Amino acid sequence: MTAVAGFIGLGIMGRPMALNLARAGTPLVVWNRTPGRAGELRAAGARVAASPAEVFRQAGVVLLMLADEAAMDAVLDRGAPGFAARVAGRVVVHMGTTSPAYSSGLAADVRTAGGRYVEAPVSGSRGPAEAGRLVAMLAGEPDTVAEVRPLLAPMCARTVPCGPVPGALLMKLAVNLFLVTMVGGLSEAVHFAAGHGLDLDTFAQVLDAGPMASEVSRVKTRKLAEGEHTAQAAIADVLKNNRLIAEAARARGLASPLLDVCHELFAETLALGHGGLDMVAVIRAIEARTAASAGAEAAGGDAAATRSRPGRPATGRG
């Protein structure tokens, strides 16, 4: 594997991931659409490229941690003559979350252009990314997966092969389905506890002492109890993942009733203007439903009281 690796996409997840590579001594060249995000990488010893094409010219393995399919295609110059020039002879590692069907099509295009392709989506949010404790799911040709795995070590506590493409992305969606529904349920539980006047620190202690405790429950319960909604995994990103899971379920004819309810709640949270907050901000949508229900009951009570209030006797001539 070529000594220099490329990394494109320095967002909430990508920047700490790339920093862990650079700090581990990996020769690295990076690019981000917003150049200001690359300053910390430069200070850590990475080269900052002027364009995606420059990253591909310098690196034999290029890791992509991008927001969506359109961003992937733009960086790769897919559908244009520059695509083959970028990927031929290189390994493209797709670490973001897109639809499995998209990834399968991209894998075929990369192979046709003379490159190799590995899916490597990760499980974990900003905290595990900063700590180098992500879990990567890998799919692709076994020899290429084996070649890429050591490169991921500074970013990931575990790397788990998941068979051929799109096995890794399907696995990521399955894991995310559990995460989305779990955090939705946890947020509703905190709303229930607070609504009954329970002490949330005590709630957190009970939850943490029992069989449902996890790193996610500990972190998210604390954020809910403190009202601290700085994004680790933002509402807008969770909603995108929710949509991808639902589409994959429908394509296979699978029911997803819990996911569908969560989709409504996260969509309502986004509509309330909280798209940049952490996924626990879904509690805002739950609170809004409670407030709306209380308002409807109050209005109904007022209307009933008006109807039952004795009126003035009618007057007339008879």
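The analysis underlying the following values was restricted to heavy atoms, covering all of them including side chains, and did not include hydrogens, waters or symmetry mates. Along the sequence shown, residues are numbered consecutively beginning with 1. Here the structure is a predicted model, which means the values were calculated and not measured.
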Worksheet item: Under the 3.5 angstrom rule, does the side chain of T221 hit a backbone N or O of R218 as a donor-acceptor pair?
Response: no
Practice prompt. Taking atom CD of E228 as the centre, report whether more than 12 heavy atoms of other residues, nucleotides or ligands fall under 6.0 Å from it.
Written response: yes
Fill in: Donor-acceptor contact present, side-chain N176 to main-chain L179, <3.5 Å
no
Discussion item. Ignoring hydrogens and geometry beyond distance, is a side-chain donor-acceptor pair present between E119 and S103 at under 3.5 Å?
Written reply: yes
Worksheet item: Are more than 12 heavy atoms from other residues, nucleotides or ligands located less than 6.0 Å from atom CD of E141?
Response: no
Worksheet item: Of all residues at least two apart in sequence or in a different chain, which pass the ring pair (Phe, Tyr, Trp, His ring centres under 6.0 Å) check with F192?
Response: H196
Fill in: Nearest non-hydrogen partners of F56 and L76, listed with the distance
CZ-CD2, 3.5 Å
Worksheet item: Does the side chain of S123 pick up a donor-acceptor pair with the side chain of K172 at under 3.5 Å?
Response: no
Discussion item. side-chain hydrogen bond (donor to acceptor under 3.5 Å, both in side chains), that's the test. Do T269 and R284 meet it? Break it down for me.
Written reply: CA-CA 6 Å; T269 310; R284 303 283 181 86; over 6 Å; no
Practice prompt. Assess the side chains of K223 and Q232: does a donor N or O sit below 3.5 Å from an acceptor N or O?
Written response: no
Worksheet item: Looking just at side-chain N and O atoms, do D73 and Y102 make a donor-acceptor pair shorter than 3.5 Å?
Response: yes
Worksheet item: Is the H94 ring parallel, tilted or perpendicular to the Y117 ring (thresholds 30°, 60°)?
Response: tilted
Discussion item. Salt bridge check, D109 against R78: does any charged N sit closer than 4.0 Å to a carboxylate O?
Written reply: yes
Worksheet item: For M171, does the CE atom have more than 12 heavy-atom neighbours from other residues, nucleotides or ligands under 6.0 Å away?
Response: no
Worksheet item: Between the side chains of H229 and D278, does any donor sit under 3.5 Å from an acceptor?
Response: no
Worksheet entry | Enclosure of R289 CZ (heavy-atom neighbours >12, cutoff 6.0 Å) | yes
Fill in: Test item: side-chain donor near acceptor, E247 and S99, under 3.5 Å
no
Worksheet item: Side chains of S256 and R250: donor-acceptor distance under 3.5 Å anywhere?
Response: yes
Discussion item. Heavy-atom count check: over 12 atoms from other residues, nucleotides or ligands less than 6.0 Å from R222 CZ?
Written reply: yes
Worksheet item: What pairs with R133 under salt bridge (Lys or Arg N to Asp or Glu O under 4.0 Å), at least two apart in sequence or on another chain?
Response: E215
Worksheet item: A22 and L41: which non-hydrogen atoms are nearest, and at how many Å?
Response: CB-CD1, 4.4 Å
